[in-house]
Amino acid sequence: MNIRERIDCGDPEDSRLEYKSKEVGNQKIALELAAMANSQGGSLILGVRENNDGEPDLIQNVSNPHERVEAVTNVIYDRVEPNLDFNSDTLRVDGETLVVFTVDQTNTLHSFLNSKIDEPVFPVRRNTRVGYLHGHEVAQHYEASIEGDESDEEYLRLPDGESSNYFLRAPDGHISDICIFSNVYYPGNPVRIDVRAGRLHEVEVEHIFAVLEDLFSLSNGESSFTINQSNAAWVGRGFSNFVHNLRDQKERYSEAEQEYNYNLDLYGNEQAVFISNLDMVYPESTIIIYAGPFVQHEGYRNIAVNFFIDGHPADVRPLIEFSERTGLSLSQAHNVAIPTDGIREPSRIPVKVINKSVRTDVPQSEDHRTVDGVVCVNPFVDNLEFLEQELELEGLSPVTKYECLFAYLRDWDYVDEDNEYEGKRFLVTDWNEFTKGIYANVKEIRFEVNW
């Protein structure tokens, strides 16, 4: 029996059929479709008001159906991860136009960003209503997906290796207030293409990292990362180093407490961000990765990869291959603006060096080791008012949280030299304005000093 016949017969709603009046909001439609995809699939009929028994009671005309479908598509793009494919069609009943949304059951678990709590939830269809998976149900789902996976490609994993980082205290920090210290440049005409997913097993995320390295050679690019916790952070450089630091979570915690005598306040998951250029494949382009590894058990709460290509890519084959090998759906390409602002007269910023970053990418003798960066005291702790006067950006609190900042040297120095440094540039980029799938207030700092 098709949809038209079910309406004519007065069939009530069931686990795979939902009626909605034309007044229902687009977010509610997107939520219902995500719930169906996470269950048995089904159809949502827009323009049918049901009675108390769930039976069709009033047929309504949906004006501008194509605009309505586009609006729902936009909500799904903004709030559902990974992206959800659905079909839509119009249906004439009693002279009125209805819109039929149809979605298939998927093997991937889709999350929906709840606007009230600003966090993703996992909706499912429970008879004729939307319910939400509990934590243990989500864990069972992605563990089962690993066991039942029959893809042609085995899960890849980058080789093991040693990790290095700089530990930064943040006594008044917050899990979602993050700074990343970078000297990576953005494209002049940035076009964003992204993928997002929630509740992934560790081997799935490791596979994503390995495929990224295989296709885009991230270890050969200029890069930096921050792994954030409630009252501390670990910063460093290099893609392999980023992955190794994520693996070495327990070792990082132990070192902070034993070597630095610091009591960590652990949130349920970390917030990790990474940025690198993509010059090996897409010149003058950039990649941003966000990952949320759990603390108490294996797996990741969510992951997002944002590609920023300089103009619409002429060769999309690397992106398509990435999507096919990871099972993550690519978004549509969107032109974006990247908001950046800087402090006037950066020479006023005091630079009190705590540690020096020794270059490891070239052979050096002990007498000629060179420095390309320094860890220095953060002059903006408890000084948010000054930042707000200097910078025309919103939500600058992350810049005031870490006790130390990382700065890059314009001209390399020797380790054994005792030079004083002066601020040459201090730029802040607001990731909230142009990235997708990052559930944190991330401020990228480009701090340059020289001697």
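The chain is numbered in sequence order, starting from 1.
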Between Arg317 and Glu321, does any side-chain N to carboxylate O distance fall below 4.0 Å?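 Result for this pair is no, no salt bridge flagged.
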
Does the pair Arg446/Glu444 count as a salt bridge with the N-to-O cut at 4.0 Å?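 No, Arg446 and Glu444 are not salt-bridged.
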
Taking side chain as C-beta onward, heavy atoms only, is [X] less than 4.5 Å from [Y]?
X      : Y      : result
Ile343 : Leu391 : yes
Phe406 : Thr226 : no
Tyr439 : Leu113 : yes
Pro82  : His110 : yes
Ile288 : Ile438 : yes
Leu405 : Pro379 : yes
Glu255 : Phe167 : no
Tyr408 : Ser224 : yes

Which heavy atom of [X] sits nearest to which heavy atom of [Y], and what is that distance?
X      : Y      : answer
Arg301 : Asn269 : NH1-OD1, 3.3 Å
Thr435 : Asn306 : CA-OD1, 3.4 Å
Glu50  : Asp57  : C-CB, 3.9 Å
Ser88  : Val69  : OG-CG1, 3.5 Å
Val62  : Lys22  : CG2-CB, 4.2 Å
Val281 : Leu215 : CG2-O, 3.3 Å

Looking only at atom types and distance, does a side-chain atom of [X] sit under 3.5 Å from a main-chain N or O of [Y], one as donor and one as acceptor?
X      : Y      : result
Arg125 : Asp14  : yes
Lys443 : Gly395 : yes
Tyr262 : Arg169 : no
Arg252 : Asn245 : yes
Asn231 : Asn263 : yes
Glu13  : Thr128 : no
Asp310 : Pro187 : no
Asn241 : Arg237 : yes
Asn51  : Glu55  : yes
Asp214 : Ala210 : no

Taking atom [atom1] of [X] as the centre, does the number of heavy atoms from other residues, nucleotides or ligands within less than 6.0 Å exceed 12?
X      : atom1 : value
Glu70  : CD    : no
Asp53  : CG    : yes
Arg129 : CZ    : no
Gln40  : CD    : no
Glu251 : CD    : yes
Gln296 : CD    : no

[X] side, atom [atom1]; [Y] side, atom [atom2] - distance, nearest 0.5 Å:
X      : Y      : atom1 : atom2 : answer
Thr286 : Leu278 : OG1   : CG    : 6.5 Å
Glu257 : Leu264 : CD    : CG    : 5.0 Å
Met36  : Leu31  : CE    : CG    : 10.5 Å
Ile275 : Leu218 : CD1   : CG    : 11.5 Å
Glu222 : Ser276 : CD    : OG    : 8.0 Å
Ile227 : Leu246 : CD1   : CG    : 4.5 Å

Side chains of [X] and [Y], donor plus acceptor under 3.5 Å:
X      : Y      : answer
Asp194 : Tyr290 : no
Gln60  : Ser21  : no
Ser163 : Asp248 : yes
Thr97  : Thr90  : no

Would you please indicate if the ring centroids of [X] and [Y] are separated by under 6.0 Å?
X      : Y      : answer
Phe426 : Phe380 : yes
Phe434 : Phe308 : yes
Phe447 : Phe181 : no

Would you verify whether the NZ or CZ of Arg196 falls within 45 degrees of the ring axis of Tyr77 while also being under 6.0 Å from that six-membered ring's centre?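 The answer is yes; both the distance and angle limits are met.
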
side-chain contact (heavy atoms from CB on, under 4.5 Å) assessment of Glu433 paired with Val336: CA-CA 9 Å; Glu433 296 297 321; Val336 296; over 6 Å; no

Could you walk me through whether Leu91 and Ile7 pass the side-chain contact (heavy atoms from CB on, under 4.5 Å) test, one step at a time? CA-CA 11 Å; Leu91 180 67; Ile7 296 174; 4.1 Å; yes

Working note: Lys401 + Cys179, criterion side-chain contact (heavy atoms from CB on, under 4.5 Å); need CA distance, chi angles, decisive distance, verdict. CA-CA 9 Å; Lys401 300 299 185 181; Cys179 285; over 6 Å; no

Under the side-chain contact (heavy atoms from CB on, under 4.5 Å) criterion, do Asn83 and Ile76 qualify, and how do the steps go? CA-CA 7 Å; Asn83 195 34; Ile76 287 176; 3.7 Å; yes

Identify the residue among Tyr253, Tyr402, Tyr166 that makes a ring-ring contact (aromatic ring centres under 6.0 Å, His included) with Trp234.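 Per the ring-ring contact (aromatic ring centres under 6.0 Å, His included) rule, the option paired with Trp234 is Tyr253, out of Tyr253, Tyr402, Tyr166.
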
Which of parallel (below 30°), tilted (30 to 60°) and perpendicular (above 60°) describes Phe225 and Phe242?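 Tilted: the ring planes of Phe225 and Phe242 meet at 30° to 60°.
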
